[in-house]
Amino acid sequence: MQRAFPDAAASAEAAGQPLDPQLAPASKPEFGDFQANGALPLAKPLGQPPRKIAEAVVAELQADPSFTQLCLAPQIAGPGFINLTLRPECLAAEVQARLGDQRLGVPSAAEESGSEPAPVVVDFSSPNIAKEMHVGHLRSTIIGDSLARVLEFRGHPVLRLNHVGDWGTQFGMLITHLKQVAPEALDTADAVDLGDLVAFYRQAKQRFDADEAFQTTSREEVVKLQGGDPVSLKAWGLLCDQSRREFQKIYDRLDIRLSERGESFYNPYLDGVVKGLEAAGLLVVDDGARCVFLEGVSGKDGKPLPVIVQKSDGGFNYATTDLAAIRYRFGTEGDGARRVIYVTDAGQANHFAGVFQVAQRAGWVPEGGRLEHVPFGLVQGEDGKKLKTRAGDTVRLRDLLDEAVERAEADLRRRLQEEERTEDEAFIQHVATTVGLAAVKYADLSQNRITNYQFSFDRMLALQGNTAPYLLYAVVRIAGISRKGGDLEGAGVAGAAAGGEAEALQFTEPQEWALVRELLKLDAVIAEVEEELLPNRLCSYLFELSQVFNRFYDQLPVLKAEEPSRSSRLALCRLTADTLRLGLGLLGIPTLERM
RNA sequence: GGGGCUGUAGCUCAGCCGGAUAGAGCGACGGUUUCCUAAACCGUAGGUCGUGGGUUCGAGUCCCGCCAGCCCCGCCA
């Protein structure tokens with residue numbers, strides 16, 4: 001564009017809005033691989049028809065050998081779109097390169113930037129001590145884990161932090177209540193089990209809401225705990241240990257790695273937060289509470305809304321902890337992170353917006369530091385209301401996972417019977433567990449996280465459509481080719497290693513090319529997820545890849561094809577399997593050889 | 001009252017920096033199996049993108065108003 005219209009380019013540059021070729025992936029296959037829409041906005045300033053502008057740009061492209069090496073002759077279409085199609089031999093060469101690449105063409109962050117990437121904090125899951133994990137923790141846990149996996153794969157040092165609720169008023173309630181009704185739970189390990197603890201917690205909460213004296217005692221208990229009282233601390237430690245073991249069972253089951261760093265960790269830094277805000281001139285005492293008034297956010301009466309960092313009774317609350325955490329995570333004496341990501345429900349958006357603003361104004365976010373709330377919607381039942389058990393209780397996460405696996409197992413057994421297959425018990429358990437858990441994870445991840453999510457066992461376990469079983473089946477099909485004598489490992493590699501032209505990949509059918517083009521999108525998709533933090537983009541990609549593969553598999557023979565098609569198709573099978581395994585792995589989903 | 005999110009096919013949802021005739025899955029209807037797992041594939045029908053304005057070469061996408069649903073709103077997290 002610069003060569004075709006030097007004057008326009010120069011003046012656009014001077015105006016601070018350099019010409020944009022608007023190069024994007026083609027919106028439809030018949031438009032080629034990429035489209036450049038940049039000619040259209042030039043029509044007005046240049047006073048020429050857009051197609052004529054496009055022609056001039058195309059002429060420059062055609063005169064450039066580095067372009068013609070890569071692309072076929074550009075086509076001008078519609079009002080002035082420039083459609084670009086990559087040379088088939090370039091696509092084949094790229095497939096060849098990825099066959100020999102562990103990372104399947106996805107660059108690492110260090111490679112790209114040329115420097116060591118700074119740590120990224122992903123704060124997710126975050127259940128509360130003395131409560132069981134329930135359906136409310138599902139999305140944070142699954143989405144957070146997947147984002148962490150993507151960032152790790154890209155080579156960022158990731159801190160997966162479990163910001164467990166192990167501090168605060170709720171704790172004061174529980175300890176106060178236990179002191180009165182079950183003191184043994186406070187000084188003897190495992191005196192009561194977690195189920196009882198949950199019941200005690202519920203009672204404590206009821207008393208807290210109803211009884212003012214209890215409320216006061218509870219608040220005092222929190223202050224004691226936060227002040228380091230040894231009796232309170234011991235009780236607290238026991239409760240935490242007990243909950244921690246229960247959480248770990250769920251994490252093991254879902255293959256989720258997390259470092260626990262609860263709210264209590266930041267206790268020593270809370271005072272510093274208040275002092276720091278005071279030093280920054282942001283602190284205001286209002287009604288006995290120390291707060292920072294927000295800019296641009298006003299409440300009922302039109303007055304600015306406060307973020308309270310120290311209550312009138314001297315206790316700190318969650319905003320203080322969150323601020324301390326931000327400070328610690330970005331701080332060079334702390335985690336030294338450059339990006340801090342919070343995966344919590346959308347209901348906390350206001351809270352985080354407020355806390356982030358205060359952190360910014362206090363100067364605790366370094367230059368170039370990113371502080372991001374990754375919100376997600378509610379889990380709803382098929383009736384569109386918040387998911388509950390038939391009895392109206394919150395759904396426990398372990399029950400939900402159990403049911404998914406049970407349903408997967410029943411499904412598998414029915415199919416084995418129908419197909420008159422026999423498999424041993426270990427196989428059945430392994431497949432049912434993998435499919436059941438994969439279905440739960442994939443259903444959650446495949447939806448844009450912002451919207452509420454309608455939970456349905458039937459839909460997530462369906463064997464067709466955008467579901468985990470459908471994707472897993474594509475991998476199984478490829479594994480089947482391998483079992484029946486297809487040498488996937490050797491496919492396409494030998495030719496590259498020997499540097500021999502004779503064994504170069506050769507594709508002739510449209511189904512092959514469609515698969516090639518789909519396979520080569522992986523790096524762009526990963527980059528997008530890393531930036532936008534939307535795992536559903538990866539899911540859509542893997543689903544489309546599976547569809548394109550199934551079409552290929554259905555319509556073209558692999559093992560019975562003549563050479564050189566046979567090896568070339570085997571190479572595509574191998575790269576497809578590797579891509580699906582990698583992609584599903586980034587979603588936290590393991591694959592199967594048979595199902 | 002203020003703020004946030006959402007509203008796209010019968011249902012569940014995609015839709016990337018504003019780009020060509022708005023996509024998928026399910027469900028419905030019709031078809032495909034001497035062949036690597038048919039858990040698949042091919043086809044048909046189905047849309048006022050909540051609504052009214054605006055911005056522009058071009059709007060599901062950006063801006064403003066309105067309607068509906070959900071969520072949040074000072075000492076819980």
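As a basis for the values below, the full set of heavy atoms in this structure was taken, side chains included, without hydrogen atoms, waters or symmetry mates.
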*Distance between the P atoms of B/G46 and B/C63, in whole angstroms?*
34 Å
*Counting any heavy atom closer than 4.0 Å, what does A/Asn448 reach on the DNA or RNA strands: base, sugar-phosphate only, or nothing?*
sugar-phosphate
_With rounding to the closest Å, how many angstrom separate the P atoms on B/C17 and B/U61?_
14 Å
*If only atom types and distance count, is the side chain of A/Gln35 paired as donor or acceptor with the main-chain N or O of A/Ser27 below 3.5 Å?*
yes
_Heavy-atom donor-acceptor pair, A/Asp345 side-chain to B/A77 base, under 3.5 Å_ = no
*Stacking here means centres under 5.5 Å and planes under 30°; does A/Phe543 stack on B/A24?*
no
*Sticking with atom C1', work out how far B/C49 lies from B/A9, rounded to a whole angstrom.*
10 Å
*So what does A/Arg51 hit on the nucleic acid, given a heavy-atom distance under 4.0 Å: a base, only sugar-phosphate, or nothing?*
nothing
*For A/Arg477 and B/A38, is the shortest distance between a side-chain N/O and OP1 or OP2 below 4.0 Å?*
yes
*Hey, does A/Asn536 reach any base, or is it just sugar-phosphate, or nothing, if we go heavy atoms under 4.0 Å?*
sugar-phosphate
*Kindly say if A/Gln447 contacts the phosphate of B/U12, meaning a side-chain N or O under 4.0 Å from OP1 or OP2.*
no
*Describe the nucleic acid contact of A/Gln310 in one word from base, sugar-phosphate, nothing, applying a heavy-atom distance below 4.0 Å.*
nothing
*How would you label the contact of A/Ala474 with the nucleic acid (heavy atoms, under 4.0 Å): base, sugar-phosphate, or nothing?*
nothing
*Expressed in whole Å, how much space separates the P atoms belonging to B/G25 and B/A14?*
16 Å
*Take atom C1' in B/U32 and the same atom in B/G50, then report the distance between them in whole Å.*
41 Å
*Might you confirm whether atom CD of A/Gln417 has over 12 heavy atoms from other residues, nucleotides or ligands at distances under 6.0 Å?*
no
*Is A/Arg537 touching bases, backbone alone, or none of the nucleic acid, heavy atoms closer than 4.0 Å?*
sugar-phosphate
*Compute whether any side-chain donor of one residue and acceptor of the other, for A/Tyr266 and A/Asp322, lie under 3.5 angstrom apart.*
no
*Just by distance, with hydrogens left out, do A/Arg459 and A/Gln454 show a side-chain donor and acceptor under 3.5 Å apart?*
yes
*asked:* Testing the 3.5 Å rule here: is there a donor-acceptor pair between the side chains of A/Asn128 and A/Tyr201?
replied: no
*For A/Tyr553, which contact category applies under a 4.0 Å heavy-atom criterion: base, sugar-phosphate, or nothing?*
base
*Does the side chain of A/His177 pick up a donor-acceptor pair with the side chain of A/Arg207 at under 3.5 Å?*
yes
*Describe the nucleic acid contact of A/Asn550 in one word from base, sugar-phosphate, nothing, applying a heavy-atom distance below 4.0 Å.*
sugar-phosphate
*For atom P, what is the distance between B/A28 and B/A22, given to the nearest Å?*
27 Å
*asked:* With a 4.0 Å cutoff (strictly under), does any side-chain N or O of A/Arg569 reach OP1 or OP2 of B/C36?
replied: no
*asked:* Side-chain N or O of A/Lys484 versus OP1/OP2 of B/C35: is the shortest distance under 4.0 Å?
replied: no
*Any side-chain donor paired with an acceptor under 3.5 Å for A/Gln348 and A/His373?*
no
*Listed in order of residue number, which residues of residues 317-325 of chain A have a non-hydrogen atom at under 4.0 Å from RNA chain B?*
A/Asn317, A/Tyr318
_Under 4.0 Å, counting only non-hydrogen atoms across every strand here, what does A/Pro50 touch: a base, just sugar-phosphate, or nothing?_
nothing
*What integer number of Å spans the P atoms of B/G74 and B/G3?*
16 Å
*asked:* Counting the atoms with a prime plus P, OP1 and OP2 as sugar-phosphate, which does A/Asp166 contact under 4.0 Å by heavy atoms, base, sugar-phosphate, or nothing?
replied: nothing
*Quantified in whole Å, what is the C1' atom distance between nucleotide B/G60 and nucleotide B/G23?*
12 Å
*Determine the contact category for A/Gln555: base if any of its heavy atoms lies under 4.0 Å from a base atom, sugar-phosphate if only primed atoms, P, OP1 or OP2 are that close, otherwise nothing.*
sugar-phosphate
*A/Ala289 near the nucleic acid: base, sugar-phosphate alone, or nothing, with a heavy-atom cut-off under 4.0 Å?*
base
*Looking only at side chains, do A/Asp166 and A/Ser264 share a donor and an acceptor under 3.5 Å apart?*
yes
*asked:* If you count every heavy atom of other residues, nucleotides or ligands that lies below 6.0 Å from A/Glu30 atom CD, does the total exceed 12?
replied: yes
*Does A/Tyr201 place a side-chain N or O at less than 4.0 Å from the phosphate oxygens OP1/OP2 of B/C76?*
no
*asked:* Check this one for me: any side-chain N or O of A/Ser540 less than 4.0 Å away from OP1 or OP2 of B/C13?
replied: no
*asked:* Classify A/Pro306 by what it touches in the nucleic acid, base, sugar-phosphate, or nothing, heavy-atom distance under 4.0 Å.
replied: base
*Using a 4.0 Å heavy-atom cut-off across all strands, classify A/Ile450 as base, sugar-phosphate, or nothing.*
sugar-phosphate
